[in-house]
Amino acid sequence: MPEGTAALTPRTAPDALIAELKSLLGDRLSTAAAVREQHGRDESFHPVAPPDAVAFAQSTEEVAEIVKACARHGVPVVPFGTGTSLEGHVAAIHGGICIDVSGMNRILAVRPEDMDVTVQAGVTRKQLNEHLRDTGLFFPIDPGADASLGGMAATRASGTNAVRYGTMRENVLALTVVLADGRIIRTARRARKSAAGYDLTRLFVGSEGTLGVITEVTLKLYGIPEAILSAVCPFPGVAEAVNTVIQTIQTGVPIARIEFLDDNQIRAVNSFSKTSYAEVPTLFFEFHGSDAGVAEQVEMVQAIAAEHGGTDFQWARSTEDRERLWHARHNAYYAGLSMKPGGKGFSSDVCVPISRLAECIVETKKDLEASALFTAVVGHVGDGNFHVLFVFDPDNPAEVAEAKRLNARVVDRALAMDGTCTGEHGVGLGKMQYLEAEHGRDALDVMAAVKRALDPANIMNPGKVVGV
Ligand SMILES: Cc1cc2nc3c(=O)[nH]c(=O)nc-3n(C[C@H](O)[C@H](O)[C@H](O)COP(=O)(O)OP(=O)(O)OC[C@H]3O[C@@H](n4cnc5c(N)ncnc54)[C@H](O)[C@@H]3O)c2cc1C
C-alpha cells in the first residue's frame, strides 16, 4: 500500500553520468520517456516512478562498469528483470539508473550429470524450460508470470510447485553478483552442500536489488517425472478444502501442487478463462512420480478429500489438459482484476504454519464476506501461503481505505500465528511497514547494518525492503 513508501527525493542523474553511460552503451542507454515509464512500474497498483535512464546491459563486466559510474556520482541503481513484481519493487523512487538485464539471456552451461545449470540473470523460467526440453530435466519454480531467473532469485520467488521442490531459496546453488562498488563476486561453488563460511548466496537471494546486481545464477534441476497427473476437486466449504490440504501435508504425501481457490476466485477464473468449474471452494492438485507412485498418492489424497466431502475429482491427464488447467490457475490474478473494469488490485501474501492455515483462511473469509469490495482468495496452500486479491477503484478513497483495512487484518492475523507478511512476493515498498512487527527492531537493525556494510552510499535500489 502507499503508506510505507519512502519520501520521494529523486537524486537526478547528472548530465556527466548520462554522457559517460552513453559512451559505454551507445543506443543501449535510453532516456526516452516511454522506456523510463515502463521501467518505473511493476504489475501492481503502486504509482509509477520512472528512473532517469535505462541501461540495457549485456554482460557482468558491463553491469560492473555501469555500477561503478553510478557509484562515482552517488546515483541510485535499480536492477530490472521483467518487471512482474507486485510491491513497487522497481519504482525508482529516488530516481537513478535502471539496469535492465533482459538482454543477458544466454544459458551458459547445462550439466545434466550434475543436474544443474548456469544462466545469465535475464533468462526467463519458460525460456530455460524450453531449452531443457530434450534433456529430460526441468526447473520447477513457477511464479505465475514468466519472470527472469535473476528477478526470481532477487525476490526469493516460489509458486505452485514449491510444496514439492522448494523455493528459490532452496534451488539457487550460486550467484555472480556485482556489488555496489562495482566489484564482482561469486557467492559459492556448485557443490550441493557447503559449510564454507557465511552463506552469501542466501543473503543475496531475496535482497531485491538492494545489495547488488545478480548477473549469473546457478540452479538445481530435476528429472521430468515419469507420470504427471492433475485434478480439480470442489468442496462443500473453505474449511473442508483447507483441512484436506493440511491432512495431505501432515500425512507426508509428496504432492507436487495443491492450490486453493475460493468461490469468488473460481467465478473470476470461469469468466476470464472460459472454464466451467463449480463456483465453490476448490483445490487444484498435481501428482508427480512413477506410475505406481502417482497411483498411490492419488489413492491417499482421494481418501483424505472424501473425509472432507471432496469426491468429485475431474482429472487432467494429457499435457494439453494439464496446461489448460494450470494456465487458468496462473491467470487467477488477471481474472480477479477483470471482475471490476477499471479497478486496480493488490494481493496480500501471508504464509502461516500449516496447522494454523484453516483457521487463518476461515477467519479471513469472514472479514471478506462482510465487505462490499470484490475479493478473491487463491493460494499455494500446501506451503501455508495464500493471497487475498483486493480489487478497488483507486480514485475512490473509501474503497482504498477498505482494502487497506482488510489487508492489515490479514497480516496481523498471520503474524499472530507466527507467520509472515510475505511468503513469496517480497517486501518492495508495500510490505516495509510490517517488517518491524514481524522481525522486531533488533533484527531489523541487523538487516540495516548488513545493507550499510555492503552499500554504504545507499545507491542500490534505495528506499526498499529496509530503511537505512
Ligand atoms: C500474475 C502474476 C502472478 C505471480 N505469481 C507469483 C507466484 O506465484 N510466486 C511468486 O513468488 N511471485 C509471483 N509473482 C511475482 C513476480 O513474478 C516475482 O516477484 C518475480 O520473481 C519477479 O521477477 P522479475 O524478473 O519480474 O523481477 P522484477 O520485477 O524486474 O524485479 C523485482 C525485484 O528484483 C530486483 N531485481 C530484478 N532483477 C535483478 C537482478 N538481476 N539482480 C538484482 N536484483 C534484481 C529488482 O530491483 C526488484 O527489486 C507473480 C506476478 C504476477 C504478475
Side-chain angles (χ1 to χ4, degrees), residues 38-46 51 54 57 60 63 67 76-93 96-105 119-127 141-163 167-169 175-180 204-217 257 259 272 326-327 329-337 345-347 349 351 378-380 383 385-387 389 422-430 460-465:
Q38 185 222 330
H39 286 79
R41 69 161 78 238
D42 57 21
E43 289 282 321
S44 71
F45 69 94
H46 284 280
V54 181
T60 298
V63 170
V67 172
V77 171
V78 183
F80 188 98
T82 59
T84 66
S85 41
L86 295 169
E87 290 292 356
H89 291 73
V90 295
I93 53 170
I97 306 297
C98 171
I99 303 184
D100 181 324
V101 300
S102 60
M104 293 176 60
N105 59 358
V119 300
Q120 285 189 309
V123 171
T124 69
R125 66 176 183 92
K126 287 187 182 171
Q127 181 195 345
I141 314 299
D142 68 331
D146 189 20
S148 72
L149 291 159
M152 287 168 59
T155 55
R156 205 186 292 133
S158 47
T160 61
N161 280 309
V163 63
T167 72
M168 288 303 276
R169 181 181 62 190
L175 298 169
T176 300
V177 180
V178 173
L179 301 178
F204 284 96
V205 170
S207 61
E208 302 186 10
T210 63
L211 300 179
V213 186
I214 297 166
T215 58
E216 291 179 14
V217 189
R257 290 167 152 165
E259 299 279 309
F272 189 79
W326 291 108
H327 188 68
R329 162 64 191 89
H330 280 139
N331 274 328
Y333 178 72
Y334 299 110
L337 290 184
F346 81 95
S347 168
D349 177 37
C351 186
V378 60
H380 314 302
D383 300 317
N385 183 202
F386 68 94
H387 310 300
L389 176 65
T422 175
E424 56 179 21
H425 293 164
V427 177
L429 293 169
M460 294 305 310
N461 203 3
K464 310 286 172 57
V465 185

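What you are looking at is a predicted structure, and each value in this text was computed from that prediction instead of being measured. Indexing begins at 1, ligand by ligand and atom by atom, following the structure's order.
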Quick one: does Asp42 get within less than 4.0 Å of ligand 1, heavy atoms only?
no
Check if Tyr334 has a non-hydrogen atom at a distance under 4.0 Å from any atom of ligand 1.
yes
Option of least heavy-atom distance to atom 11 (O) of ligand 1 (set: Gly81, Pro143, Ser158, Gly150)
Ser158
Of all protein heavy atoms, the one nearest atom 31 (O) of ligand 1 is Val90 CG1, 3.6 Å
State the atoms of ligand 1, each with its element, that fall below the 4.0 Å cut-off from a heavy-atom position in Met152.
21 (O), 23 (O)
Atom 7 (C) of ligand 1 has as its nearest protein heavy atom Glu424 OE2, 3.1 Å
Specify side chain, backbone, both or neither for Asn461, according to which of its non-hydrogen atoms lie closer than 4.0 Å to ligand 1.
side chain
What's the shortest distance from atom 5 (N) of ligand 1 to any protein heavy atom, and which residue and atom give it?
Gly144 N, 3.2 Å
Tell me the nearest of Pro79, Ala147, Gly209 to atom 46 (C) of ligand 1, using heavy-atom distances.
Pro79
Among all protein heavy atoms in this structure, tell me which lies nearest to atom 41 (N) of ligand 1, with the distance rounded to 0.1 Å.
Ile214 O, 2.8 Å
Under 4.0 Å to a heavy atom of Glu208 - the qualifying atoms of ligand 1, by number:
35 (C), 47 (O), 49 (O)
Between Phe80 and His39, what is the ring plane arrangement, given parallel below 30°, perpendicular above 60°, and tilted in between?
tilted
Residue part near ligand 1, for Thr82, under 4.0 Å between non-hydrogen atoms
both
Candidate with minimal heavy-atom separation from atom 50 (C) of ligand 1, of Leu86, Asp349, Val78, Val77
Leu86
Filtering Lys464, His89, Glu43, His380 for the heavy atom nearest atom 8 (O) of ligand 1 leaves His380
Starting from atom 35 (C) of ligand 1, which protein heavy atom do you reach first, and at what distance in Å?
Ala154 CB, 3.7 Å
Students should be able to answer this: which protein heavy-atom is nearest to atom 32 (C) of ligand 1, and at what distance?
Ser85 OG, 3.4 Å
If the cut-off is 4.0 Å to any non-hydrogen atom of Ala157, which atoms of ligand 1 fall inside it?
11 (O), 21 (O)
Minimum side-chain heavy-atom gap Phe204-Leu179 below 4.5 Å:
yes
Determine whether Asp142 and His330 satisfy the following criterion, side-chain hydrogen bond (donor to acceptor under 3.5 Å, both in side chains), listing intermediate values before the conclusion.
CA-CA 9 Å; Asp142 68 331; His330 280 139; 2.9 Å; yes
Nearest protein heavy atom with distance in Å, relative to atom 51 (C) of ligand 1:
Thr84 O, 3.3 Å
Under 4.5 Å between any side-chain heavy atoms of His380 and Glu424, yes or no?
yes
Under a 3.5 Å distance rule, please check whether Asp100 uses its side chain to pair with a backbone N or O of Val54 as donor and acceptor.
no
Tell me the protein heavy atom at minimum distance from atom 19 (O) of ligand 1, and give that distance in Å.
Thr155 OG1, 3.5 Å
Heavy atom to atom 28 (P) of ligand 1, shortest distance: which of Gly83, Ala121, Gly151 holds it?
Gly83
Any atoms of ligand 1 less than 4.0 Å from a non-hydrogen atom of Gly212? List them with their elements.
43 (C)
Looking at every heavy atom in both Ala153 and Ile214, which two are closest together, and how far apart are they?
CB-CD1, 4.1 Å
Got a second to check how far Ile141's CD1 is from Leu149's CG, nearest 0.5 Å?
10.0 Å
To the nearest 0.5 Å, atom OG1 of Thr160 lies from atom CZ of Arg257 at 3.5 Å
Write down the atom of Ser148, the atom of Gly81, and the distance for their closest heavy-atom approach.
OG-CA, 3.5 Å
